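Below is one structure, written out as structure tokens; comments come after it.
First the proteins, then the strands, lettered A, B, ... as listed; each starts at 1. Small disclaimer: the values here were computed from a predicted structure and weren't measured.
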Protein chains: 2
Amino acid sequence: MRLFAMRGFHETSMSEVARAASVSKALIFWHFKTKEELFMAVLNRLLEPYFIDFAEEAGALDEKSQLLRLIELYLVFVRDNASSIRFFVAQLLHDEKPSDGLTNQVLQLYDGYRTLLVDLIGRAQEKQLCKCDFPPQAAASFLLAMLNGLLMGFLFTGDKGVDLKGAIAMLRNWLFGDAPQRESDDIPPSL
Amino acid sequence: MRLFAMRGFHETSMSEVARAASVSKALIFWHFKTKEELFMAVLNRLLEPYFIDFAEEAGALDEKSQLLRLIELYLVFVRDNASSIRFFVAQLLHDEKPSDGLTNQVLQLYDGYRTLLVDLIGRAQEKQLCKCDFPPQAAASFLLAMLNGLLMGFLFTGDKGVDLKGAIAMLRNWLFGDAPQRESDDIPPSL
DNA sequence: CGAGTCCCTAACCAAGCGGTCAACAGGCAT
DNA sequence: ATGCCTGTTGACCGCTTGGTTAGGGACTCG
């Protein structure tokens, strides 16, 4: 996992893997038929932490709090898993064919998040909680693009290049019309 | 250029390059000392179209129009150069060390665009053109993150996965308080 | 004509690649 | 003890890799 994630598929040789694992190369080929098979196993292991349960988070919160919680979950996850995300993004960029399996899994994850957002924004608009009066799909796409942009910030400039609190304040302003952030204690300490 | 950009450095062999160029491998090594040297030359050639002249675009437009024009330039460029951008992003993701030369060039390009945005937003705020009252740096970062998010949309879902007009409408709304877009003719035909 | 320089090639090289194979050690049921 | 299945190994294989080398046309200059 470490080698493949750090250096990618083609840049990692089976001899290196064997050496790093203090094992003979032949043993790896006994457990995994080919290099590709090992790589796929690694991909799946690395992907596991991405499947988290949003449902348990929903609780008794109103739509606004749920939305903010969802945004926070996304950003904190991105911040804490930057290196693995970096690897997956590179991987996705590399193989363009949509029948890849990995691509499908990631897209499915992504669509789940998006529909959650669309749903929450729609309900928040109905309850007049949401100042943003664009169609929920459009607003969700916009929000998601924004989050992905922050993700790129994390990937390229690292933790310190991104002003998380500022970004969240601006998102609150855009979504709910909340005033630009003075220091307040309703930003969770996880940020 | 085609091979390196399509398949990356390690996945492209000099024999392939020679075959694709209908030339002997030794000839390539006569012109370029190593594979890396050829690759760097390719990088520089691919990077050329990224250096465009914003100054000539400024003209006699007011700050609002300049901002919108800058945003449009960014998005149209991204849409039209998606494949080369995909390659560069993958490249940047891959080599993490900031002393890379390529990384520096791209960051410099990026910072140029950012300062342009900060400047324009600041001036627009002074003239009361801008509804968005966050500090210019914060607003510019937000805007840039948004644009990068749209970029990721182009990279992963292709031209049709991104609603350019909708995104621009929402940016106008956020920056200037423009009403959600009904069909109007002030969106240039290049979108 | 002859020397020199520029391009260019076929053949070659050592090293490393992904992958295979025969052998073998240890546990475990017969 | 015997045979079998699961792991594990070092040695090996054919092939490709990035890179080299010796040499040969074509052109220019004196």
Requested in this report: Take His94(A) and Phe9(A) through the test side-chain contact (heavy atoms from CB on, under 4.5 Å) and record every step on the way to the result.
Outcome: CA-CA 11 Å; His94(A) 190 41; Phe9(A) 180 79; over 6 Å; no
Report summary line: Between Gln125(A) and Pro136(A) the two heavy atoms that sit nearest each other are OE1-CG, 3.6 Å
Query raised in the report: Would Ser65(A) and Asp62(A) satisfy side chain to side chain donor-acceptor pair (under 3.5 Å), going step by step from the backbone distance to the final call?
Result: CA-CA 5 Å; Ser65(A) 304; Asp62(A) 64 343; 2.6 Å; yes
Report task. Would you indicate, yes or no, if dC17(C) has its OP1 or OP2 atom less than 4.0 angstrom from a side-chain nitrogen or oxygen of Ser15(A)? Result -> yes
Report summary line: Separation of dG18(D) atom P from His10(A) atom NE2, nearest Å, is 13 Å
Query - Residue pair Gln105(B), Phe51(B): steps toward the side-chain contact (heavy atoms from CB on, under 4.5 Å) verdict - result: CA-CA 10 Å; Gln105(B) 282 193 72; Phe51(B) 291 93; 3.9 Å; yes
Report summary line: Trp30(A) CH2 to dA23(C) C1', in whole Å, measures 16 Å
Query raised in the report: For the base of dG19(C), is there a side-chain donor-acceptor partner from Lys25(A) under 3.5 Å away?
Result: yes
Report task. Tell me whether the OP1 or OP2 atom of dT8(D) has a side-chain N or O from His31(A) closer than 4.0 Å. Result -> yes
Query raised in the report: What integer distance in Å separates Lys33(A):NZ from dG7(D):C1'?
Result: 17 Å
Report task. Can you tell me the distance, in whole Å, between the CE atom of Met14(B) and the P atom of dG18(D)? Result -> 7 Å
Report summary line: Glu37(A) CD to dG18(C) C1', in whole Å, measures 14 Å
Query raised in the report: Is the phosphate of dC17(C), meaning OP1 or OP2, less than 4.0 Å from a side-chain N or O of Ser13(A)?
Result: yes
Report summary line: Taken to the nearest whole Å, CD1/Ile28(B) to C1'/dT20(D) is 15 Å
Query - Atom pair distance, as rounded to whole Å: CZ in Phe32(B) and P in dG18(D) - result: 15 Å
**Report entry** Nearest-nucleotide pick for Ala26(B), side chain only, options being dG18(D), dG19(C), dT20(D)
**Finding:** dT20(D)
Report summary line: Taking for Lys35(A) and for Ser24(B) the nucleotide of DNA chain C with the nearest heavy atom, the one nearer the 5' end belongs to Ser24(B)
Query - Interatomic distance where CZ belongs to Phe29(B) and C1' belongs to dA11(C) [whole Å] - result: 15 Å
Requested in this report: State yes or no: do Val42(A) and Met14(A) share one hydrophobic cluster built from I, L, V, M, F, W and Y residues joined by side-chain heavy-atom distances below 4.5 Å, directly or via other members?
Outcome: yes
